[in-house]
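FYI, side chains are in, hydrogens and waters are out, and symmetry mates aren't considered; it's all heavy atoms of this structure. For reference, positions follow the sequence shown, starting with 1.
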Amino acid sequence: MLRRKAAGLMAGAVLLGFAGVSPAHAGASAEGQFESSISWWTAPTESRRWRDYNDTWDYTGIYFEGCRSDDDYWGYDYASLRLWKDISAAPDRSYGTRNNYCGWVDYGDPDSAGNYYFQLSDVGNGDWIDIRYVKVAW
């Protein structure tokens, strides 16, 4: 039973690989990425912008490691981040908000070339976050 389940999971992973659909953090197929850190961010702080030419079907995502907030009692819980597409001479377009619990969060494939950024919209415990290592990939 376990062998069939493992074989099914492997077959699914192979099919996804052939279809070209993969999370951006999965490796060399990512169109682009940058690494950084976050110091003393409060809502509504924004990340730097990056250009996504939408040459691949990779998901856009953000990874956090070494997370803390100013809540000494409860500690870091999550950071709510909204993915935006920067649109000149018009309101920016939102691609949704996800909670990052100190790990990887995928936002799917925006399927549209343009300049993107993340905006901190909420902190689970406290008012600010400090993240030792951040990786954004698309």
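- By the side chain to side chain donor-acceptor pair (under 3.5 Å) test, Ser112 pairs with Lys85, sequence neighbours left out.
- Taking CZ of Arg98 as the start and CG of Asp106 as the end, the distance is 9.0 Å to the nearest 0.5 Å.
- With sequence neighbours left out, the side chain to side chain donor-acceptor pair (under 3.5 Å) criterion links Asp55 to no other residue.
- Residues Ile87 and Tyr117 are members of separate hydrophobic clusters, defined by side-chain heavy-atom contacts under 4.5 angstrom among Ile, Leu, Val, Met, Phe, Trp and Tyr.
- One distance of note links CZ of Phe64 with OG of Ser37; it measures 11.0 Å at 0.5 Å rounding.
- Minimum interatomic distance between Arg51 and Glu31 (heavy atoms only, all atoms of both residues): O-OE2, 4.5 Å.
- At a threshold of 4.5 Å between non-hydrogen side-chain atoms, the residues Ile131 and Tyr76 count as touching.
- Taken from CZ in Arg132 to CD1 in Ile38, the straight-line distance is 13.0 Å, to the nearest 0.5 Å.
- Of all heavy-atom pairs between Thr56 and Asp109, the closest is O-OD2, 3.9 Å.
- Nearest approach of Thr97 to Ser121, heavy atoms of both residues: CG2-OG, 3.8 Å.
- Rounded to the nearest 0.5 angstrom, Asp72 CG and Asn125 CG are separated by 11.0 Å.
- In this structure, Ala137 and Trp104 approach most closely via the heavy-atom pair CB-CH2, 3.9 Å.
- Side-chain atoms of Asp86 do not come within 3.5 Å of backbone N or O of Asn115 as any donor-acceptor pair.
- The ring-ring contact (aromatic ring centres under 6.0 Å, His included) with Tyr95 is formed by just one residue from the set Trp84, Tyr116, Tyr107; it is Tyr116.
- Between Arg68 atom CZ and Asp71 atom CG the span is 12.0 Å, to the nearest 0.5 Å.
- No side-chain heavy atom of Thr45 sits under 4.5 Å from any side-chain heavy atom of Trp128.
- Legend: residues meeting ring-ring contact (aromatic ring centres under 6.0 Å, His included) with Trp50, ordered by chain and number and at least two apart, are Phe34, Phe118, Trp138.
- The side-chain contact (heavy atoms from CB on, under 4.5 Å) test applied to Tyr101 returns Asp77, Tyr78, Asn99, not counting sequence neighbours.
- Pairing each heavy atom of Cys102 with each of Gly66, the nearest pair is SG-N, 3.9 Å.
- Looking at residues two or more places apart in sequence or on another chain, you find a side chain to side chain donor-acceptor pair (under 3.5 Å) between Ser94 and Arg82.
- When side chains are defined from C-beta on, Val105 does not count as touching Leu81, because their heavy atoms never get closer than 4.5 Å.
- With sequence neighbours excluded, the residues satisfying side-chain contact (heavy atoms from CB on, under 4.5 Å) with Val123 are Ser69, Leu120, Ile129.
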